[in-house]
Amino acid sequence: MSVLVVAEHVRGELRDVTRELVTAGRELGPVTVAVIGRDPAALVEAVDVDGVSEIVTVQVAGDEYENDVYQAALEALIADRRPRITLLGFTVNGMGYAPAVAARLGLGFASDVHGVALEGDAVVATRSFYGSKVSAELEFPESDGVLLLLRPTPWAPAEGRGGAAVSALEVAP
């Protein structure tokens, strides 16, 4: 079971939700973290925490986050790496492009997820409904891929030094 985590950063600083996604992801399988940005190498050290097996950098032209640029980069990453589970933060940025990626690639999708587990070959995501008054489990049995937007804060941020392999993926502009 392979897990792809997409790092989120603002103004050159890694957001805490990235390390939280690593914590959630390492319970599911080997974790690869993708860093998309103008200078993704500058964030490699920050995402190289315990539980990360690989870091993939994707260089893009713009200094700031752009939905269509991140969408194209994530689509290329998924096509190249074929992860079973892709995790992003349930944030303004994540909501800006992740649903479009899931729809375009035919992936299972859930947002505002606050629990994720494996039950046999099925990915099970827990999320709330009705203003967080009811929680439900969504099961994705033996699917080709699942994209989940995880709520910030249910998982503790991953810590420690990793030692992950670093590679780069080129994406057409």
Side-chain angles (χ1 to χ4, degrees), residues 1-65 69-91 93-94 97-98 101-102 105 107 113-125 140 143-172:
M1 180 81 50
S2 60
V3 179
L4 175 65
V5 167
V6 179
E8 188 165 320
H9 52 92
V10 177
R11 294 182 199 97
E13 295 290 323
L14 189 70
R15 296 203 53 220
D16 288 341
V17 70
T18 302
R19 290 190 191 100
E20 295 165 17
L21 295 170
V22 170
T23 298
R26 66 185 177 199
E27 297 171 10
L28 306 170
V31 175
T32 297
V33 176
V35 182
I36 303 167
R38 184 176 188 96
D39 183 17
L43 293 169
V44 165
E45 187 176 325
V47 297
D48 191 11
V49 294
D50 188 37
V52 175
S53 58
E54 183 182 11
I55 299 166
V56 180
T57 60
V58 181
Q59 187 173 18
V60 295
D63 286 327
E64 300 297 324
Y65 164 82
V69 172
Y70 272 60
Q71 179 179 341
L74 182 54
E75 288 174 4
L77 280 160
I78 291 172
D80 184 66
R81 298 303 168 123
R82 311 222 20 98
R84 172 80 192 283
I85 304 168
T86 302
L87 303 176
L88 284 82
F90 182 58
T91 63
N93 289 359
Y97 69 101
V101 170
L105 300 181
L107 304 174
V113 172
H114 55 82
V116 64
L118 294 175
E119 292 182 10
D121 285 337
V123 176
V124 178
F140 301 94
S143 65
D144 288 336
V146 177
L147 195 155
L148 303 174
L149 296 179
L150 273 54
R151 183 186 295 178
T153 69
W155 292 271
E159 297 178 344
R161 277 292 115 223
V166 179
S167 62
L169 178 68
E170 294 209 18
V171 177

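Because the structure is a prediction, the values reported are computed rather than measured. Computed from heavy atoms alone, side chains included, the values below leave out hydrogens, waters and symmetry copies. All residue numbers in this chain count up from 1 along the given sequence.
Taking the six-membered ring where tryptophan is involved, the planes of Tyr97 and Tyr65 are tilted, since the angle between them lies from 30° to 60°.
Residues Ala7 and Val35 come closest through the heavy atom pair CB-CG2, 4.1 Å. Closest heavy-atom contact between Gly51 and Arg26: CA-CD, 4.2 Å. The nearest pair of heavy atoms linking Gly29 to Val3 is N-CG2, 4.0 Å. Nearest heavy-atom pair across Ala24 and Leu150 is CB-CD2, 3.5 Å. In terms of heavy atoms, Gly37 sits closest to Pro40 at O-CD, 3.2 Å. When all heavy atoms of Ala76 and Val171 are compared, the pair lying nearest together is CB-CG2, 3.9 Å.
Residue pairs meeting the salt bridge (Lys or Arg N to Asp or Glu O under 4.0 Å) criterion with at least one partner in residues 35-44, sequence neighbours excluded, are Arg38-Asp63.
The distance from the CG atom of Leu28 to the CG atom of Leu118 is 5.0 Å, given to the nearest 0.5 Å. Expressed to the nearest 0.5 Å, how far CG of Leu148 lies from CG of Leu21 amounts to 10.0 Å. Separating the CD1 atom in Ile78 from the CG atom in Leu107 is a distance of 5.0 Å, to the nearest 0.5 Å.
With a 4.5 Å cut-off on side-chain heavy atoms, Val6 and Ile36 count as touching. Side chains of Arg15 and Asn93 form no contact here, defined as non-hydrogen atoms less than 4.5 Å apart. Within the 4.5 Å cutoff, the side chain of His9 has no heavy atoms near those of the Thr18 side chain. Pro30 places none of its side-chain heavy atoms less than 4.5 Å from the side chain of Ser2. In this structure, Glu75 and Leu105 have side chains that are in contact, with non-hydrogen atoms separated by less than 4.5 Å.
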Side-chain donor-acceptor pairs under 3.5 Å in residues 152-161, sequence neighbours left out?
unit_1: Arg161; atom_1: NH1; unit_2: Glu45; atom_2: O; d: 3.1
unit_1: Arg161; atom_1: NH1; unit_2: Asp48; atom_2: O; d: 2.7

Worksheet item: Stepwise, does the side-chain contact (heavy atoms from CB on, under 4.5 Å) test hold for Arg19 with Leu14?
Response: CA-CA 9 Å; Arg19 290 190 191 100; Leu14 189 70; 3.7 Å; yes
Worksheet item: What's the verdict on side-chain contact (heavy atoms from CB on, under 4.5 Å) for Arg84 and Val123, showing C-alpha distance, side-chain angles and the deciding distance?
Response: CA-CA 9 Å; Arg84 172 80 192 283; Val123 176; 3.8 Å; yes
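Exactly one of Leu74, Asp80, Val33 qualifies for a side-chain contact (heavy atoms from CB on, under 4.5 Å) with Leu4. That residue is Leu74.
Counting only distance, with no hydrogens or angles, the side chain of Thr32 and the backbone of Ile55 share no donor-acceptor pair below 3.5 Å.
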